Student: 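A single structure is presented below for examination.
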Amino acid sequence: MTIGTISSAMGALLAVLALVLAAARGARALGLGRPVPGQGGGARRLALLESLALDPRRRLLLVRCDDRELLILTGGAQEVVQPLPPVPPA
């Protein structure tokens, strides 16, 4: 490889990187990069409160969806979902 070939390849790489950065900045300016509520921006509706490993296969999850809490057992022959009663405000 000659110096001319290497410099040509480096120039092409820099040109491609500049185009990618310009496209990302343009997408952000058009609002295409804004987070959608529920997907990292705004209020989240789903949250994992706690997780407990019962054995190597089964796991117990405490999940909050909107204002409801659910207890979920995963990893067995079938998943079990148990809604929990609402907690009165303290």
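These values consider heavy atoms only, across backbone and side chains, with no hydrogens, waters or symmetry-generated copies. Bear in mind the structure is a predicted one, so any value in this text is a computation, not a measurement.
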Student: Look up atom CD1 in I72 and atom CD in E79, then write down how far apart they are to the nearest 0.5 Å.
Tutor: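 Between I72 CD1 and E79 CD, I get 9.0 Å after rounding to 0.5 Å.
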Student: Side chain of S8, backbone of G4: donor and acceptor closer than 3.5 Å?
Tutor: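 No.
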Student: According to a hydrophobic-cluster definition based on side-chain heavy atoms being under 4.5 Å apart (Ile, Leu, Val, Met, Phe, Trp, Tyr only), do L60 and L49 belong together?
Tutor: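 Same cluster: L60 reaches L49 through Ile, Leu, Val, Met, Phe, Trp or Tyr contacts under 4.5 Å.
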Student: Can you check whether L84 reaches L62 side chain to side chain, under 4.5 Å on heavy atoms?
Tutor: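 In short, these two side chains touch, coming nearer than 4.5 Å.
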Student: Could you tell me which non-hydrogen atom of R58 sits nearest to which non-hydrogen atom of G76, and how far apart they are?
Tutor: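 Nearest pair, atom of R58 first, then G76: CG-N, 4.1 Å.
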Student: Answer with yes or no whether the hydrophobic clustering places L52 together with L73; edges join I, L, V, M, F, W, Y residues whose side-chain heavy atoms lie under 4.5 Å apart.
Tutor: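 Linked within one cluster.
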Student: Can you tell me if CG on L13 sees more than 12 non-hydrogen neighbours from other groups inside 6.0 Å?
Tutor: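 For L13, atom CG is crowded (more than 12 foreign heavy atoms under 6.0 Å).
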Student: Would you name the heavy atoms of L48 and S51 that are closest together and state the gap between them?
Tutor: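 Result for this residue pair: CD2-CB, 4.5 Å.
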Student: With a sphere of 6.0 Å drawn around CG of D66, does it hold more than 12 non-hydrogen atoms of other residues, nucleotides or ligands?
Tutor: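 Correct, the count exceeds 12.
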Student: Less than 4.5 Å apart, side chain to side chain, heavy atoms only: is that true for L70 and Q82?
Tutor: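 No, every pair of side-chain atoms sits at 4.5 Å or beyond.
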Student: Just wondering, do L61 and L71 contact through their side chains at under 4.5 Å, heavy atoms?
Tutor: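 No, too far: nothing below the 4.5 Å cut-off.
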